[in-house]
Amino acid sequence: MRYSKLFLHTLKETPADAELISHKFMLRSGMIRKLASGLYSYLPTGLRSIHKVMAIVREEMNAIDAQEVMLPMVQPAELWQESGRWDLYGKELLRLKDRHDKSFCLGPTHEEVITDIVRGFVRSYRELPVYLYQIHTKFRDEIRPRFGLMRSREFIMKDGYSFHVNDEDLDRTYQATYGAYNRIFERCGLDFRPVEADTGSIGGHASHEFMVMADAGEDAIACCTACSYAANVELAPCPLPDTASPATPEPLQEVPTPGKSSVEEVAAFLGKGPAQVLKTLIYMGEKGPVVALIRGDYSINEVKLQRHLGIDELRMATDEEVAAITGAPVGFAGPIGLRGSYTLAADHSVTTLQNFVAGANTFEKHLTGINWNRDLPLPATTDIRIITENDPCPKCGNPVEIRRGIEVGHVFKLGTKYSKALNACFTDDKGMEHPMIMGCYGIGIGRTVAACIEQNHDGNGIVFPVPVAPFSCLITLINPRDAQMTQTAEGIYNGLLRQGLDVLLDDRDERPGVKFKDADLIGIPVRIVVGKGAKDGMVEMSLRKNNEKLTVPVSSCIETTLRLLKS
RNA sequence: CGGGGCGUAGCGCAGCCUGGUAGCGCAUCUGCUUUGGGAGCAGAGGGCCGGAGGUUCGAAUCCUCUCGCCCCGACCA
């Protein structure tokens, strides 16, 4: 490709609304352009990178015998009503009507459609397993799209679905996909790790997320500092703490705490640490109010709390709802003297509290010197807290660290959730009918490119790894009006093309500085500069990632390029 | 949906408080010079000041409503 013919428009200045490095550089390097909130156009160089990732995904998916299909984006409401998700999915599901006033939605995911296809054809255990995937556009009407391709409303996803006669067969495909995902993200040059994950609203049992490690990530991951354990903090279990040695009981007292309502304020005011305070949080669940108790220096894990309560809807109570339960304004809730009916959930961490502080359920009053059993019974406790730095690893007991990650892939064992709802059944060798066992597997294609940029950039721009780069090598022709230089550059260009390489020839009539700045910004891995040395048969070569320059004869330029691309 | 902020040339912004000819930098176009890290000079084009109402002799500026965008939160295969 000749730069003079390429539709590529780089920006000197960063658009003001870009926040993340990857978002800024994708806009500045002309890979994408925003159309509206959460909607992006992929421009030629951006699409090239997308296509490179897609090609890797296809190769690895085909290698594990998954077959590619393409399913409609617009899907009939009936199918979603049949699975029950028409009502459950909420506002992320963009609903629309056709000219006959029939209801449709834009597919945020394709379990319903794929299950409908498979149930229509597959009758016998002999026809299973079936493993289909597609690479296509999804639409989710996100509450708050942000960070460019990292969280957009319309996005490209590889989604795969497998159908099995039993759990063992599903497990084989799950493991094969797990392996394929590892190879895909390795080939993309990413620093990532698979982590145990929550199954979320899609349902199912086992689940792993593939997380690219990056400070900009929206997910927090608990990683063991000693073993290979890694889990989304939403899921990572927190064990029952060791019992503390008994302290001398203090008297129960009500003390004024004027203007102090947060755990930190109250603890500081009373000269204690947050770990000596019992935090009492009021939630509203679908079955009524929930009072959650936890040690003051910890946070409630709402995912765990929901699971413990067996409910799908949970939110913080409003000020009025809090007042109804505690009889006091927000900030003075405690476990003693609550009124009305509510469900109590206590975290394991409260068991070790002695002589602790809690709200008195009275305006600007707290209780001190509270002790379990003397002042109130110790409730049954469960694990409803968020794991924190230095908590013990659930596998080996060594401390965990909390790291940030970008979720680029997710594998689920779905079980029979959709096959039951949509009646996708097969007949076994005994003539008995069973719902198919399903798995589903996703990769965010655009997000993978964005994550790649998060991990590979410097102050001047993107530093693409070869497999994801829009072009693998760039020839910078310093002066296109110089016949010698032009001839040399053209010769190398044609030679590299004959090698089947993605090569970009910067033949623009621009000053060298402009070309160098653009080259760094768009991040092509190998650069060949044809300049002053051309008259002596020499060119200058360098790698974007380290910028070390070497002068090589034109005759060995192609060979050197091939060698550098492998390094 | 709650809180905050912003809409002025393709991009980045000033002007608004205190109403009176719509500006700056970059980009674009023309010419000359320049050619190894975002060139210099000279000239030119480009605006419903997000939209609709209102106040006023007069509105980018003041008021009301609306639409869009961004940030924080809640939410999220």
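- When each of B:G37, B:G36, B:G73 is scored by its nearest atom to the side-chain atoms of A:Arg527, the top-ranked nucleotide is B:G37.
- Closest to the side chain of A:Glu92, out of B:G38, B:C76, B:A39, is B:C76.
- The listed nucleotides are B:G25, B:G36, B:C69; the one nearest the side chain of A:Ser37 is B:C69.
- Nucleotide B:U56 has no partner under the Watson-Crick or G-U criteria, as no pair reaches both atom distances under 3.5 Å.
- Nearest to the side chain of A:Val529, among B:U34, B:G36, B:C69, sits B:G36.
- The neighbour count for A:Gln487 CD, taken as heavy atoms of other residues, nucleotides or ligands under 6.0 Å away, does not exceed 12.
- Every residue was checked against the salt bridge (Lys or Arg N to Asp or Glu O under 4.0 Å) condition with A:Arg95, not counting sequence neighbours, and none meets it.
- The CD1 atom of A:Ile478 sits 13 Å away from the P atom of B:U35 (whole-angstrom rounding).
- Pairing for B:G43 is with B:C29, a Watson-Crick or G-U wobble pair whose two hydrogen-bonding atom distances lie under 3.5 Å.
- A donor-acceptor contact under 3.5 angstrom links the side chains of A:Tyr418 and A:Arg85, judged on distance only.
- The NZ atom of A:Lys91 sits 18 Å away from the P atom of B:A74 (whole-angstrom rounding).
- The distance between atom NZ of A:Lys517 and atom C1' of B:G37, rounded to the nearest whole Å, is 6 Å.
- Base pairing of B:C24 is made with B:G12, judged by Watson-Crick or G-U wobble geometry with both donor-acceptor distances under 3.5 Å.
- If you take atom C1' in B:G4 and the same atom in B:C76, they sit 23 Å apart, rounded to whole Å.
- No side-chain N or O of A:Glu510 forms a donor-acceptor pair with one of A:Tyr3 less than 3.5 Å apart.
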Check: protein-nucleotides 48-51 of chain B nitrogen or oxygen pairs below 3.5 Å:
none

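- Shown here are the ring-ring contact (aromatic ring centres under 6.0 Å, His included) partners of A:Tyr42, two or more places apart in sequence or in another chain: there are none.
- Atom CZ of A:Arg404 is surrounded by more than 12 heavy atoms from other residues, nucleotides or ligands within 6.0 Å.
- A straight line from CG of A:Asn479 to C1' of B:U35 spans 6 Å, rounded to a whole angstrom.
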